[in-house]
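Scroll down for the structure; my scribbles are underneath it.
Protein chains get the first letters and strands the later ones, always in sequence-line order, with residue 1 at the start of each. Computed from a prediction, not measured in an experiment: that's the story for all the values here.
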Protein chains: 2
Amino acid sequence: MDSNKKFLNGTLNTIVLALLRENGKMYGYEICQLTKEKTDNKILLTEGAIYPTLHRLEKDGLIISSKEKVNGRTRKYYAINQSSLQEVESQIDLLSQFTGHLRSLLNLTT
Amino acid sequence: MDSNKKFLNGTLNTIVLALLRENGKMYGYEICQLTKEKTDNKILLTEGAIYPTLHRLEKDGLIISSKEKVNGRTRKYYAINQSSLQEVESQIDLLSQFTGHLRSLLNLTT
DNA sequence: GCCGAATACCTAATTCTCTTATGTATTATT
DNA sequence: AATAATACATAAGAGAATTAGGTATTCGGC
């Protein structure tokens, strides 16, 4: 059914980077919701995956966090670390190439 | 560089199934070589990954093996288990959908 | 006013796949 | 004769996601 889960491994890092680059800044919960909506419930990011990923990317210096209180709830926003922008672009490009190669290797058209 | 490695996780199963479905029967080493050629050295399958994968798929009943001696070397050919064909098609279809969703989510065009 | 759903964060134990490193054996190339 | 290529295999370790749990606030229905 929603077994897209098993394909996610390895790509989550780059999904997050790509969404942040496109949307400026986002918080964890928002990333999950947006992904869910944009893929028609097909790619479901779990909180147990997204938060460790965000922490990892921040530790690696690729993104930067800032807390904001909105409607009494604390949101932790993340944005691309501009000094790592090149590295980020490069990683996104690699994923793009990978999916391209994969689709041609497997003659996928969908 | 060839960091496509980190994207492979989870998709290897399905890559193997798709190649076997398309090519009738193949052996492990051949799958590695073909993948390397078809992706211009971008997707490199290692033997430590491919052989356990083939064993797993056979254990799960999705593929069937048969040994052949060619030029003094033993090849272990694998082919899709026809009674599992539907399951195999379904898995390939899922990967196809996943990469499609991924590319649209990330606005990938390459 | 209460209660469940939604929002929003977090972490730990376990599972699973891949990497890295080895090992064996035969044939082709230089 | 030595090295590369072919062809299989497995084991230890790393790393990421799943599963499952926890906290806390706000919104919506009744």
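Side-chain nitrogen and oxygen atoms of Tyr29(A) include at least one within less than 4.0 Å of the OP1 or OP2 phosphate oxygen of dT7(C). Regarding contacts with the backbone of dT17(C), a side-chain N or O of Arg56(B) is found under 4.0 angstrom from either OP1 or OP2. Checking the phosphate oxygens (OP1, OP2) of dC10(C), a side-chain nitrogen or oxygen of Lys76(A) falls inside 4.0 Å. The shortest distance between the side-chain N/O atoms of Thr46(A) and the OP1/OP2 oxygens of dT19(D) is not below 4.0 Å. The phosphate of dT11(C) (OP1 or OP2) has a side-chain N or O of His55(A) nearer than 4.0 angstrom.
Residue-level contact check: Glu47(A) touches the bases, meaning some heavy atom is under 4.0 Å from a base atom. Across all strands shown, Gly48(A) has heavy atoms under 4.0 Å from base atoms, whether or not it also approaches the sugar-phosphate.
Classification of Arg21(A) and Glu89(A) as a salt-bridged pair holds, one side-chain N sitting under 4.0 Å from a carboxylate O.
Straight-line distance from the CD1 atom of Ile43(A) to the C1' atom of dT18(D): 17 Å, rounded to whole Å. Atom CG in Leu8(B) sits roughly 17 Å away from atom P in dG15(D) (whole-Å rounding). For the pair Met26(B) CE and dC8(D) C1', the interatomic distance rounds to 16 Å; values are reported in whole Å. Between Arg73(A) atom CZ and dT25(D) atom P there is a gap of 11 Å when expressed in whole angstrom units.
Minimum atom distance to the side chain of Arg75(B) is reached by dC8(D), of the listed dC8(D), dA8(C), dA17(D). Taking every side-chain heavy atom of Tyr51(A) into account, dA8(C) is the closest of dA17(D), dC27(D), dA8(C). Among the nucleotides dC18(C), dC10(C), dA17(D), the one closest to any side-chain atom of Thr53(A) is dA17(D). Taking the side chain of Pro52(A) as heavy atoms from C-beta on, and the options dT11(C), dT7(C), dC8(D), the nearest nucleotide is dT11(C).
We find the NZ-NZ distance between Lys67(B) and Lys69(B) to be 10.5 Å, quoted to the nearest 0.5 Å.
Heavy-atom neighbours of Lys36(B) NZ from other residues, nucleotides or ligands within 6.0 Å: at or below the threshold of 12.
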- Query: Given the rule in the side chain to side chain contact (heavy atoms under 4.5 Å, CB included) test, do Thr74(A) and Glu68(A) qualify, once you have shown the distances and angles that lead to the verdict?
  - Reply: CA-CA 6 Å; Thr74(A) 300; Glu68(A) 273 181 46; over 6 Å; no
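Ring-plane geometry between Tyr77(A) and Tyr27(A) is classed as perpendicular, the angle between the planes exceeding 60 degrees on a 0 to 90 degree scale with a lower cut at 30.
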